[in-house]
Amino acid sequence: MAEAQPNILFTREAIRRRVDELAGQISRDYAGKELLVVGILNGAFVFMADLIRGLNVPCRVDFVRLASYGCGSVSSGEVRITKDLETSLAGREVLIVEDIVDTGLTLSRLVGVLRERRPASLKVCAFLDKQERRRVPFTADYVGFSIPDRFVVGYGLDYDEQYRFLPDVCVLDQVR
Ligand code: XMP
Ligand code: MG
């Protein structure tokens, strides 16, 4: 059987334009403030690297890594922090950066955990959003693109740790 080829959903040029727009919007919203940008490893690192380079407000960065119980492409709903932040959130303007919101379970739980650390503000910027897959209500403050219920890879997103390096966002149809 031939290996399935990923089909492009968003080209690198379309991604660049949208990420620059998001960075502009975030810069306007946080004018005069300093941001702490919190990336969720591994998927968000490519998006976050481009996003922060479009900002014109000062920012610090930190990362958190989460393990969700369950496997493959299905989120189980339990979220455990396997690598915590090294920065105190107290009094800071915090922006969580995630690759994709799917069921909403990961972000709704992470936001709950990080809110207890008393940031001055806490918002979420997701590169992609699959709204029709929500199992809990969750709305990101900034979204790059809304997408239908297809499994996507590239620009940091993986299938079994493959494809993260692709510069375009592609659909892998055999996954779902
Ligand atoms: P929630 O908790 O919102 O989890 O269901 C979001 C996480 O699910 C993964 N995910 C994907 N990863 N392509 C991917 O590479 C996809 O289409 C996809 N949909 C969900 C991803 O790890 C995200 O952080
Ligand atoms: Mg992820």
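It should be emphasised that the depicted structure is a prediction, and the values quoted were computed from it without experimental measurement. Atoms within each ligand, like the ligands themselves, are counted from 1 in listed order. We're numbering straight along the sequence, starting at 1.
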Quick check on contacts: which atoms of ligand 1 are under 4.0 angstrom from a heavy atom of [X]?
X	result
L105	2 (O), 3 (O)
K130	16 (C), 17 (O), 18 (C), 19 (N)
V152	13 (N), 14 (C), 15 (O), 16 (C), 17 (O)
R150	17 (O)

With L51, the side-chain contact (heavy atoms from CB on, under 4.5 Å) member among I26, V46, D20: I26
Sidechain N-carboxylate O distance under 4.0 Å for R16, E13: no
SB check D129 R134 (cutoff 4.0 Å): yes
Qualifying residues under ring pair (Phe, Tyr, Trp, His ring centres under 6.0 Å), relative to F138, sequence neighbours excluded: none
Quick one: does [X] get within less than 4.0 Å of ligand 1, heavy atoms only?
X	answer
G43	no
R133	no
D158	yes

Mode of L128 contact toward ligand 1 - side chain, backbone, both, neither (heavy atoms, under 4.0 Å): neither
hydrophobic_cluster_shared for V143 and L107, side chain cutoff 4.5 Å: no
Partners passing side chain to side chain donor-acceptor pair (under 3.5 Å) against T87 (at least two apart in sequence or in another chain): D62
Geometric N/O contact G104 with ligand 1, under 3.5 angstrom: yes
Any donor-acceptor N/O pair, K83 side chain to F63 backbone, under 3.5 Å: yes
